[in-house]
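For the numbers below, each heavy atom of this structure counts, side chains included, while hydrogens, waters and symmetry mates do not.
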Amino acid sequence: MMHDCPAPQALLASWLQGAANNNGDYGHILFEQVAPSDDALVAGLRPYFESAHLDAREVFHRAARIDLHPDAAAPGGNARYPNCLPPSAKKGLFGEVMAGLLTEAYQFIGGHRWTIPVFLFRFHVEVGAYLFDLARDAARVREVSGRHGNDFIALGIDPATREVVRFIAGEAKWRATLTPSTMDELMHGEWTGPPGARVRKGDGIWNEMNRGLAAPQGLEQLNTLLCEKAREDYAEAIVSLDRALLLGAAALPRTDLIFIAGNKAARRAPGQSYLPTNAPPMDYTAGRPLQVVELVVEGGVDLIERLYASLWDGR
């Protein structure tokens, strides 16, 4: 199945308040929660999250030889994706899906319309191995490291030619509490060095953005999925991606996205951003159009657990 669920615009408008700033090729949006994360919110987000995870669910369940919708008491019923994943993994997935949801729902820098035909979660190799083991031994619960590569890819498809004319590649992170020090570590890496001479490692998100390839592997992975799942519907998009992915080919225009989500810190003032709102910092040297999104919520850990527990819950 392709990802075919539209973003719940009305739900987002009632849950979040956004403040946007655009300056040339730089955009910043701060989203703040203004309504409770209640059962209605979980129910409203569920269809989009199920759509985002369905491709990976089909692949992982088939590889683990369990039913797509196993009963709780059935063999492998304890290893349902993504419900069975440890909390840290689900928080990472939440950030990646929310990045895609907001990309499809709101206008980012450049005013382009972005489409996510399918999320790339099936390429999380460690999750596939985790489910295979867990289905056969319920005691094999453990942490799962994050997926390598871009957290998500969305395409800009020309409505007339149906060709891909640009793409957006994103880094998405979730933190239980968003503070200036947490944000600094995310963007610049952890402290290193001896006492009195400590410096940031420089391996944070800014470094990842600056090193981003003109045609990253995530674009190849998405092209592979389009060929497998929707060759006729996306024929022109596939041909245009094939051209762009050739070694030495002219690159498609790329927009970068940084998405940071987390719980409101106790001392954070309403409307306060921890990343630049008017221009990128000197740390960002890639020179591409850049969209930054900060999402500040309350009770986010509980929301994530309730949301992921509700996916394919037997309705």
Side-chain angles (χ1 to χ4, degrees), residues 1-19 29-58 60-61 67-74 77-106 116 119 121 127 131 134 141 144 151-152 172-178 259-266 268 270-271 293-315:
M1 293 290 291
M2 303 292 285
H3 167 60
D4 58 2
C5 181
Q9 300 275 8
L11 182 75
L12 293 174
S14 64
W15 181 43
L16 302 174
Q17 176 178 286
I29 304 179
L30 171 65
F31 288 108
E32 297 176 285
Q33 179 179 327
V34 293
S37 299
D38 54 16
D39 290 342
L41 177 68
V42 171
L45 290 176
R46 183 188 301 124
Y48 191 94
F49 273 71
E50 289 185 341
S51 178
H53 286 296
L54 180 55
D55 171 72
R57 183 180 174 92
E58 291 176 335
F60 293 146
H61 281 214
D67 292 339
L68 186 59
H69 303 288
D71 294 331
N78 64 305
R80 294 180 299 149
Y81 174 89
N83 317 66
C84 72
L85 294 178
S88 60
K90 285 185 282 192
K91 292 169 188 173
L93 292 176
F94 174 81
E96 295 180 33
V97 177
M98 284 300 302
L101 191 161
L102 296 176
T103 298
E104 290 191 302
Y106 291 91
I116 305 174
F119 281 77
F121 296 135
V127 165
L131 260 70
L134 192 66
V141 176
V144 178
D151 289 335
F152 88 103
K173 303 296 180 187
W174 161 270
R175 288 297 180 270
T177 303
L178 281 181
F259 174 77
I260 309 293
N263 284 322
K264 176 183 178 293
R268 181 186 173 278
V293 178
E294 296 181 61
L295 171 64
V296 181
V297 299
E298 298 181 40
V301 173
D302 179 64
L303 168 64
I304 293 169
E305 283 298 323
R306 287 190 292 127
L307 176 58
Y308 273 86
S310 77
L311 303 185
W312 293 283
D313 64 355
R315 287 166 286 104

Go through the steps to decide whether Arg57 and Asn83 satisfy the test side chain to side chain contact (heavy atoms under 4.5 Å, CB included), and finish with yes or no. CA-CA 10 Å; Arg57 183 180 174 92; Asn83 317 66; 3.6 Å; yes
Note, [X] side chain near [Y] side chain (heavy atom, < 4.5 Å):
| X | Y | value |
| --- | --- | --- |
| Arg268 | Val296 | yes |
| Leu101 | Leu45 | yes |
| Val297 | Leu303 | no |

Let me confirm one number: the [atom1]-[atom2] distance from [X] to [Y], rounded to the nearest 0.5 Å.
| X | Y | atom1 | atom2 | result |
| --- | --- | --- | --- | --- |
| Asp302 | Asn263 | CG | CG | 10.0 Å |
| Leu41 | Leu307 | CG | CG | 8.0 Å |
| His53 | Tyr308 | NE2 | OH | 3.0 Å |
| Asp313 | Arg46 | CG | CZ | 5.5 Å |

Listed partners of [X] passing salt bridge (charged side-chain N to carboxylate O under 4.0 Å, His left out), at least two apart:
| X | value |
| --- | --- |
| Arg175 | none |
| Asp71 | none |
| Asp38 | none |

Can you tell me which residue among Gln33, Glu32, Met98 is in a side-chain contact (heavy atoms from CB on, under 4.5 Å) with Leu295?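 Between Leu295 and the candidates, side-chain contact (heavy atoms from CB on, under 4.5 Å) is satisfied uniquely by Met98.
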Checking Val141 now: which residues fulfil side chain to side chain contact (heavy atoms under 4.5 Å, CB included) with it, not counting sequence neighbours?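 Tyr130, Leu134.
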Results of side chain to side chain contact (heavy atoms under 4.5 Å, CB included) for Asp67 - residues two or more places apart only: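 Partners of Asp67 by the side chain to side chain contact (heavy atoms under 4.5 Å, CB included) criterion, ordered by chain and then number, come out as Pro70.
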Can you name the side-chain hydrogen bond (donor to acceptor under 3.5 Å, both in side chains) partners of Asp55, sequence neighbours left out?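 If we apply the side-chain hydrogen bond (donor to acceptor under 3.5 Å, both in side chains) test to Asp55, skipping adjacent residues, the hits are Arg122, Lys229.
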How close do [X] and [Y] get, counting heavy atoms only, and between which atoms?
| X | Y | answer |
| --- | --- | --- |
| Ala176 | Val301 | CB-CG2, 4.4 Å |
| Ala172 | Asp151 | N-OD2, 2.6 Å |
| Trp174 | Gly262 | CZ3-CA, 3.5 Å |

Could you label the plane-to-plane angle of the Phe119 and Phe121 rings as parallel, tilted or perpendicular, counting under 30° as parallel and over 60° as perpendicular?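 Rings of Phe119 and Phe121: parallel, under 30°.
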Using atom types as modelled, flag every donor-acceptor pair under 3.5 Å from a side chain in residues 2-16 to any protein atom, sequence neighbours excluded.
residue	atom	partner	partner atom	Å
His3	ND1	Ser51	OG	2.7
His3	NE2	Tyr48	OH	3.4
His3	NE2	Glu104	OE1	3.1
Gln9	NE2	Ala105	O	3.1
Ser14	OG	Ala10	O	3.4
Ser14	OG	Leu11	O	2.8
Trp15	NE1	Ser37	OG	3.4

With sequence neighbours left out, what residues match Phe259 under ring pair (Phe, Tyr, Trp, His ring centres under 6.0 Å)?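 Partners of Phe259 by the ring pair (Phe, Tyr, Trp, His ring centres under 6.0 Å) criterion come out as none, since no residue qualifies.
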Using the test ring pair (Phe, Tyr, Trp, His ring centres under 6.0 Å), find all partners of Phe31 that sit at least two apart in sequence or belong to another chain.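 Here the qualifying residues are Tyr106.
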Taking only distance into account, with no hydrogens and no angle test, what donor-acceptor pairs under 3.5 Å do side-chain atoms of residues 88-96 form with protein atoms, sequence neighbours excluded?
residue	atom	partner	partner atom	Å
Ser88	OG	Glu143	OE1	2.3
Lys90	NZ	Glu305	OE1	3.2
Glu96	OE1	Arg147	NH2	2.8

Checking the side chain of His61 only, and the main-chain atoms of Tyr81 only, is there a donor and an acceptor separated by less than 3.5 Å?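 Side chain of His61 to backbone of Tyr81, a donor-acceptor pair under 3.5 Å: yes, one is there.
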